[in-house]
Protein chains: 2
Amino acid sequence: MRRIARSPADLKIRAVRGWPARHGAEAPHLALTAAERAELARLAEVIEYRSRGSQIFLQGAPAGFIHLLAEGVVRSYHMLPNGERQILAFHWPGDLFGLAENDRFVNSAETVLPSVVYRFAVPRLSAFLRANPALQEGFLVKAMHDLRNTQRQLIVMGRFDIARRLAAFLLDCSGHETYYNPGKHLLTLPMNRYDIADYLGTSVESISRSFGRLEKDGLLRRQGAEVELKPAKLKALVYRT
Amino acid sequence: MRRIARSPADLKIRAVRGWPARHGAEAPHLALTAAERAELARLAEVIEYRSRGSQIFLQGAPAGFIHLLAEGVVRSYHMLPNGERQILAFHWPGDLFGLAENDRFVNSAETVLPSVVYRFAVPRLSAFLRANPALQEGFLVKAMHDLRNTQRQLIVMGRFDIARRLAAFLLDCSGHETYYNPGKHLLTLPMNRYDIADYLGTSVESISRSFGRLEKDGLLRRQGAEVELKPAKLKALVYRT
DNA sequence: CGTGACTTTGAGGAATTTCAAACAATGTGG
DNA sequence: CCACATTGTTTGAAATTCCTCAAAGTCACG
């Protein structure tokens with residue numbers, strides 16, 4: 001972990017409004033003004049994590065900060081007393097993370113890849129948001145965006161079998177163009193099978209078998225560390241029947 | 001469905017801050033001023049649903065409103081193309097509901113019991129929140145509260161077997177004193193077994209068998225429509241091992 | 001008192017987990 | 001640059017949980 005300088009240009013918040021402000025195609029990121037970005041960047045400490053699996057914070061620790069991912073991939077997870085791990089979300093650039101309850105982090109966060117994080121002290125950020133209603137509205141929009149996504153995941157966990165969960169997950173990942181080549185339909189998964197299993201509420205073995213099943217049925221092809229997707233067929237599995 | 005007059009006194013928002021504003025015991029509801037309550041009540045239309053199972057809105061319908069439950073119990077659920085239903089949340093008085101995406105409701109909502117709902121037109125509410133940063137902060141706090149709860153449910157669905165899911169659910173319900181007598185440990189469940197099954201991602205039969213299992217193991221006793229809980233034993237099952 | 005909605009029980013079958021082990025990829029020190 | 005250790009992935013077989021189908025029991029209400 002190391003503090004570095006960074007330009008406000010890459011500060012962004014990934015969220016779409018549920019109720020669009022104006023109609024038409026909805027941008028995947030909030031429209032922040034240059035001034036807002038600069039101010040936010042000034043408030044934050046920028047932290048670079050140089051390796052995979054770096055701890056960003058631990059559940060139960062005093063929670064004085066809000067985190068915004070600038071670059072890389074992060075996992076938020078919760079450990080149960082028996083050692084089981086449930087990954088609650090993978091975070092991509094533009095995502096906020098680090099929910100608290102009673103001033104303690106509810107979950108832990110670790111890098112999946114080397115990452116860069118903006119870290120905001122809560123009191124300073126709150127004060128700033130109170131003074132900037134437009135930005136605070138942006139944070140509200142982001143929270144509702146995350147709520148929608150978490151609810152969607154709840155549907156997946158409640159009603160899909162493992163192969164279908166995996167298909168839904170792969171389609172989600174393919175929404176992040178840094179790791180997906182839409183021309184060749186080639187997905188480079190940044191996380192390993194254990195991560196996927198702990199995210200989808202199952203075991204590594206079941207994930208591996210589901211990959212096998214989807215491959216046998218022609219919905220994807222494993223190619224070393226990469227996966228060639230057949231998006232139409234995957235969607236048919238996820239959304240039909 | 002009927003529109004009725006109602007006093008702003010019962011308008012409340014159920015949420016605890018993750019990062020308490022001041023230290024000490026955290027109130028279970030946001031501290032709204034009388035003026036804020038009155039203003040909000042003035043903005044809203046009050047709708048009374050006189051029977052169980054009344055549709056409040058349907059997924060896919062144009063989403064012009066935010067809903068705030070004043071009285072009763074409501075379920076938010078999502079229907080899959082094959083007719084399966086996943087209940088995403090039960091709402092209690094003080095809960096906001098009705099998430100949208102692209103101006104359409106993502107989920108449906110129905111009353112579980114006769115209920116009273118404040119309905120806010122989105123443009124008017126947004127304008128009002130923009131002009132009242134303190135209230136908008138309250139809505140942000142509420143959204144993060146709901147996000148925490150949804151994540152907790154994700155842990156339950158991802159890592160708990162059915163009996164443990166049920167135990168966790170019953171403990172959640174016992175947090176609502178309208179339906180729980182803490183002296184006698186007597187819980188009056190407002191929803192039926194189908195609702196519980198569709199919330200916990202399982203079948204009615206499994207719910208029934210889990211009730212049987214928990215009863216046999218002495219964690220609860222079924223008494224007609226009510227359930228006598230042994231909270232300590234239920235917590236031991238949910239939080240240990 | 002009958003009817004429909006809700007709940008419980010039983011039995012067989014399917015999906016998934018668990019345990020074990022082999023296999024593949026990756027990185028490190030000699 | 002290779003040998004070896006480590007991490008990550010896949011496969012097999014047995015055990016378990018849960019689902020599905022079927023049916024009986026229970027409750028509330030007109």
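Numbers restart at 1 for each chain; the letters A, B, ... are given by sequence-line order, proteins then strands.
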Would you kindly give the CG-to-C1' distance between Asp161(B) and dA15(D), to the nearest whole Å? 16 Å
Could you tell me whether the side chain of Glu205(B) has a donor or acceptor atom within less than 3.5 Å of a complementary atom in the base of dC18(D)? no
Among dT9(C), dC6(C), dC19(D), the one nearest any side-chain atom of Ser206(B) is dC19(D)
Above 12 or not: heavy atoms from other molecules or residues under 6.0 Å from CZ of Arg222(B)? yes
Which of dT8(C), dT7(C), dT9(D) is nearest the side chain of Arg222(B)? It is dT8(C)
Take atom NZ of Lys235(B) as the centre, draw a 6.0 Å sphere, and report whether it contains more than 12 heavy atoms from other residues, nucleotides or ligands. no
Of all the choices, dC18(D), dC6(C), dT17(C), which nucleotide is nearest to the side chain of Ser203(A) once you look at every atom? dT17(C)
With Arg164(A) as the cation and Phe169(A) as the aromatic partner, state whether NZ or CZ is under 6.0 Å from the six-membered ring centre and within 45° of the axis. no
How are the rings of His67(B) and Phe105(B) set relative to one another: parallel (under 30°), tilted (30 to 60°) or perpendicular (over 60°)? tilted
Rounding to a whole Å, what distance do you find between Ile207(A):CD1 and dG8(D):P? 16 Å
If you take atom types as modelled and just measure distance, does the side chain of Arg209(B) reach the base of dT20(D) with a donor-acceptor pair under 3.5 Å? yes
Counting side-chain heavy atoms from CB outward, which of dC18(D), dT11(D), dT8(C) is closest to Ser208(B)? dT8(C)
Atom-to-atom span, CG of Leu214(B) to P of dT8(C) - whole angstrom: 12 Å
In whole angstroms, the gap separating P of dT10(D) from OH of Tyr194(A) amounts to 11 Å
What does Phe211(A) touch in the nucleic acid at a heavy-atom separation under 4.0 angstrom: a base, only the sugar-phosphate, or nothing? nothing
Looking only at the aromatic ring of each residue, does the gap between the centers of Phe65(A) and Phe57(A) stay below 6.0 angstrom? no
With the side chain defined as heavy atoms from C-beta on, Ile162(B) is closest, among dT9(C), dT11(D), dC18(D), to dC18(D)
Kindly point out which of dT8(C), dT9(D), dC18(D) is positioned nearest to the side chain of Thr202(B)? dC18(D)
Winner on side-chain proximity to Arg193(A), out of dG8(D), dT10(D), dT8(C), is dT10(D)
